[in-house]
There are 2 protein chains.
Amino acid sequence: MGTVSKALGLIDLLQASSQPLGLTGIARRAGFDKATTRRLLLELVANGYVEQDPETRDYSLGPALQALGRAREQRFPLYRALEPSIRALAERTGETVHAAEYCAGNLSPIVVIESAKANRVILESGLKLPLHATASGIAFLAASPDAFIDQVCRRVLARYTGATTTDAEALRRIVAETRQRGFSLSDQSFEAEVSSVAAAIRSASGKPVGTIAVAMPTSRMTPEIAFEFGALVKAQAEEVSARLFGKANGEPLRKAS
Amino acid sequence: MGTVSKALGLIDLLQASSQPLGLTGIARRAGFDKATTRRLLLELVANGYVEQDPETRDYSLGPALQALGRAREQRFPLYRALEPSIRALAERTGETVHAAEYCAGNLSPIVVIESAKANRVILESGLKLPLHATASGIAFLAASPDAFIDQVCRRVLARYTGATTTDAEALRRIVAETRQRGFSLSDQSFEAEVSSVAAAIRSASGKPVGTIAVAMPTSRMTPEIAFEFGALVKAQAEEVSARLFGKANGEPLRKAS
DNA sequence: CTTACTCGTTTCATTATTCGAACCGGCATT
DNA sequence: AATGCCGGTTCGAATAATGAAACGAGTAAG
């Protein structure tokens with residue numbers, strides 16, 4: 001693994017952590033030596049990607065990330081394009097709805113609107129959705145070329161709950177079913193007591209770039225609900241895809257000349 | 001310079017560029033060998049910090065930045081805290097108003113509200129404000145400890161216009177004046193035909209974290225306007241500082257326990 | 001059709017950078 | 001006073017980064 005990936009891995013740790021971390025804690029979690037960790041952190045701090053509290057000496061995410069996030073959003077306004085759709089879907093379904101973008105092997109939530117119900121699904125900040133164990137991930141796989149699916153199947157499929165699919169062949173079967181159905185279903189495969197339906201957002205070339213999903217407590221899930229909400233996410237994902245990638249209203253966002 | 005900083009420098013290049021760049025262009029701008037540049041870029045792509053268009057092979061900012069920016073904003077909601085103040089100030093003054101955060105030797109704009117006037121100041125996306133040549137920078141320096149000012153003065157002070165202060169002693173004098181005045185002034189020291197006033201946002205410990213500034217075409221600037229708007233940014237910066245760092249309404253944002 | 005250019009990519013011997021065990025001083029607890 | 005944990009530092013050994021050169025594909029020019 002290259003030095004750069006090690007450093008970026010530290011940023012990931014800081015994102016995953018809900019609070020600032022000390023040097024020793026970061027080194028332990030990352031599996032690096034303290035000296036190594038510190039050198040990497042110093043370099044990240046010098047570039048503004050990480051920030052160190054001068055008092056507690058703990059490290060946290062730095063200001064450069066905010067600036068870069070804004071820059072990316074400006075060039076490719078995913079949030080602005082997705083937020084209204086997600087909100088509408090949340091109102092329509094009454095459940096927690098989220099959109100995620102594919103990023104380095106996982107799906108990262110971009111927009112999350114929580115259900116207003118007392119018993120609702122929440123997505124922790126910084127959470128990443130694994131491809132093989134979430135409705136979003138399955139929907140993404142179903143929209144991906146076979147070569148990509150093969151690649152994912154070759155990895156070890158981590159187990160999150162008793163219902164997680166950890167067998168490559170079973171995963172392929174589920175993906176095939178999803179392709180036919182047009183949206184994906186998950187039943188407590190990532191978190192206990194959570195069921196979801198999802199569909200992929202596709203770019204102009206058909207390649208998936210992200211997903212839209214509705215998540216609810218398993219107690220509220222029924223086959224009828226699954227199909228009703230499934231049809232909704234599918235329709236919404238298609239509409240968003242068209243809006244983003246100009247199938248309908250022009251303005252190609254990707255390649256600004 | 002460490003390998004990590006080299007890689008992060010490439011991200012900076014991509015942010016500064018208004019369009020995606022090819023390998024050769026990036027290598028030339030960064031001053032690295034093509035092979036080196038490519039290796040760094042590949043690692044950044046693998047981590048989602050950079051994205052490569054599979055067709056044109058051009059590189060641009062990646063999805064991870066958006067996710068990380070969101071995470072940082074959630075832990076330290078600068079944008080949410082600043083946006084209303086900046087908007088109010090923009091309405092009150094009728095000019096372009098912006099807030100910036102200190103990041104790796106520069107000030108990065110976080111919130112920008114442009115004037116509604118036809119002849120107005122605009123801030124290009126990805127622009128970074130140098131400390132020695134902008135009203136924001138001077139205001140930041142004036143709020144910084146002397147050791148930091150010394151450090152900045154030791155660098156070579158880049159020239160942007162005929163009015164840019166490039167002499168360390170002159171810079172110290174301007175900073176001293178700003179400390180007395182309570183807000184900073186700039187007259188075409190960074191961009192021709194642009195004048196600004198600014199004041200620093202300070203954390204609970206008094207250390208500056210960012211700035212608020214009003215920028216207008218030099219043709220609309222008068223001594224009276226300068227003092228009127230100067231008093232406004234100063235007051236607004238103080239209010240924001242108090243709001244962010246709990247001098248007034250509690251809730252210490254930095255060290256979430 | 002050939003030539004000459006550019007671009008992205010790969011290779012590999014050289015070299016500079018990174019690594020990490022051991023260590024230091026500070027602080028809190030025992 | 002002793003112990004353990006913390007952030008931070010040192011320096012020889014080990015490793016990963018480097019970049020000149022070459023390759024193949026594509027393209028424009030001759």
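Naming convention: chains lettered A, B, ... in sequence-line order (proteins, then strands); numbering from 1 in each chain.
Look at B:Glu51 and A:Arg75 and you find no salt bridge, because none of the NZ, NE, NH1 or NH2 atoms lies under 4.0 Å from a carboxylate O. Between B:Glu73 and B:Arg70 there is no salt bridge, since no side-chain nitrogen of the basic residue lies less than 4.0 Å from a carboxylate oxygen of the acidic one. Salt-bridge check for B:Glu238 with B:Lys234: passed, with a basic side-chain N closer than 4.0 Å to an acidic carboxylate O.
Near-neighbour residues of DNA chain C inside residues 2-10 of chain B, defined by a heavy atom below 4.0 Å, number-ordered: B:Gly2, B:Thr3. Contacts between residues 30-42 of chain B and DNA chain D, counted as heavy-atom distances below 4.0 Å, involve B:Asp33, B:Ala35, B:Thr36, B:Arg39.
When each of A:Thr165, A:Leu131, A:Leu141, A:Val152 is paired with A:Val175, the side chain to side chain contact (heavy atoms under 4.5 Å, CB included) condition holds for A:Leu141 and for no other.
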Enumerate all atom pairs, one protein N or O and one N or O from nucleotides 11-15 of chain D, separated by less than 3.5 Å.
none

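With hydrogens and angles ignored, the 3.5 Å screen pairs a side-chain donor or acceptor of A:Glu43 with a backbone N or O of B:Ser5. Under the 3.5 Å distance criterion, the side-chain polar atoms of B:Thr164 are matched with a main-chain donor or acceptor of B:Thr161. Although no hydrogens or angles enter the test, the distance criterion places no donor-acceptor pair under 3.5 Å between the side chain of A:Tyr79 and the main chain of A:Leu82. Under the 3.5 Å distance criterion, the side-chain polar atoms of B:Arg72 are left unmatched by any main-chain donor or acceptor of A:Gln66.
Between the side chains of A:Ser203 and A:Ser205, a donor-acceptor pair is found at a separation under 3.5 Å. No hydrogens or angles considered: a donor-acceptor pair under 3.5 Å links the side chains of B:Ser85 and B:Arg243.
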Step by step, work out the side-chain contact (heavy atoms from CB on, under 4.5 Å) result for A:Thr134 and A:Phe140.
CA-CA 10 Å; A:Thr134 62; A:Phe140 188 87; over 6 Å; no
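The environment of B:Arg179 atom CZ is dense: over 12 non-hydrogen atoms of other residues, nucleotides or ligands sit within 6.0 angstrom.
Within the 4.5 Å cutoff, no side-chain heavy atoms of B:Gln15 are placed close to those of B:Leu65.
Comparing the end axes of the helix from C:dC1-D:dG30 to C:dT30-D:dA1, each fitted to five base pairs by superposing C1' atoms of four pairs onto the next four, gives an inter-axis angle of 30° (nearest 10 degrees).
Residue pairs meeting the side chain to side chain donor-acceptor pair (under 3.5 Å) criterion with at least one member in residues 21-33 of chain B: none, sequence neighbours excluded.
For B:Glu55 and D:dG26, the CD to P distance is 14 Å, given to the nearest whole Å. Taking atom CD of residue A:Glu43 and atom P of nucleotide D:dG8, one finds them 16 Å apart after rounding to whole Å.
Closest heavy-atom contact between B:Leu44 and B:Ala7: CD1-O, 3.5 Å.
Protein chain B touches strand DNA chain C; the 5'-most and 3'-most nucleotides with an atom under 4.0 angstrom of its non-hydrogen atoms are C:dC7 to C:dT18.
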